[in-house]
Amino acid sequence: MHLIRRNRILRASAAIREMVAETILRPADLIAPLFIIEGSGIKEEISSMPNYYRMSIDLTVAEVKNLWGLGIRSVLLFIKCADELKDNTGAEALNPDGLMQRSIKAIKDACPGMVVMTDVALDPFSVYGHDGIVNGTEIVNDATVEVLAKMSVSHAQAGADIIAPSDMMDGRILAIRQALEEEGYSRTGIMAYSAKYASCFYGPFRDALDSAPGFGDKKTYQMDHANRIEAVKETLMDVEEGADIVMVKPAMAYLDIIREVRNTVDVPVSAYHVSGEYAMIKAAVKMGWLDENKAIMESLTGIKRAGAGLIATYYAREAAMLMNG
Ligand code: PBG
């Protein structure tokens, strides 16, 4: 054979492969989700998320410093609300002294450089485990948006850098942007969960926060996994309404959506490698069926290659350690 083009030349050694690699993951690409609980010195493993923990504020702060040292530049906060504080109005979500608000302050005090992102949705605070206010079997849109806007202002007041609404109510990005402006928080950003699908892959997360829906499912507000054009519509609308960053969620079953969105919008695109995706790798590793480090890097590189410049992942710390060598 006298071939003119031999593609294997550029794959021949680790050095040449590194030279021509098209996608390079960096620790700063990763967003570390954190689950926070009341108390001190508390660290509870989440049963369906091996080696991932709910931690009290003090241990969370230590972990944030650790992540910063590894080159991670953002954390995404979720709190586990006590059952007795849950209701159907989201009152506790607005408590200036609530667990979320105290966590934001503690983290910003200890590690001011870290970009603190906060989850905005009512499910951790809802007696029904739904992302909005419930009336009968309906998840009410407009009344929920009002609370979400107040909740966002409360997070900004506590020091949050970026508000991350994960609820999929209509019109919430505009309402949140306007509320932030009215209260003088013009430097607080919004990362919109724009194309968030109703997904079975959130199962372990709902164990982590004890926030599974008490009735029905989330299909009247989260997207149908059959749809692609709708994801483009949702993200374009969120950008128009003021989203600084848009998100596709979950990640690995939606790589086509990530690419489509990346080709469509002019803002950073993030993807959420969700709890079920983490759990699947963990389970296969436990069975001896996958090499964990390789599975982490291949998954996250694939998500970045698809078009996500930012990736929220429960493997943030491990991945950063692998990148740092
Ligand atoms: C709640 C929320 C969910 C996740 C992030 N924010 C769960 C849901 O919508 O039911 C999922 C994260 C994960 O599975 O890792 N609004």
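Read the numbers this way: they start at 1 and go in the same order the structure lists the ligands and their atoms. The analysis underlying the following values was restricted to heavy atoms, covering all of them including side chains, and did not include hydrogens, waters or symmetry mates.
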Over 60° means perpendicular and under 30° means parallel, so tell me whether Y314 and Y278 are parallel, tilted or perpendicular. perpendicular
Protein residues near ligand 1, heavy-atom distance below 4.0 Å? F78, D119, A121, D123, D131, S166, K196, F201, Y202, F205, R206, K218, Q222, K249, Y272, V274, S275, Y314
Ring geometry between Y52 and F35 (parallel below 30°, tilted from 30 to 60°, perpendicular above 60°): perpendicular
Distance-only donor-acceptor check, side chains Y221 and H130, under 3.5 Å: yes
For the CG atom on D58, are there more than 12 heavy atoms of other groups (residues, nucleotides or ligands in this structure) within a distance under 6.0 Å? yes
Looking only at side-chain N and O atoms, does N263 offer a donor or acceptor that is under 3.5 Å from a partner on R259? yes
Shared hydrophobic cluster for L30 and L322 (ILVMFWY, side-chain gaps under 4.5 Å): yes
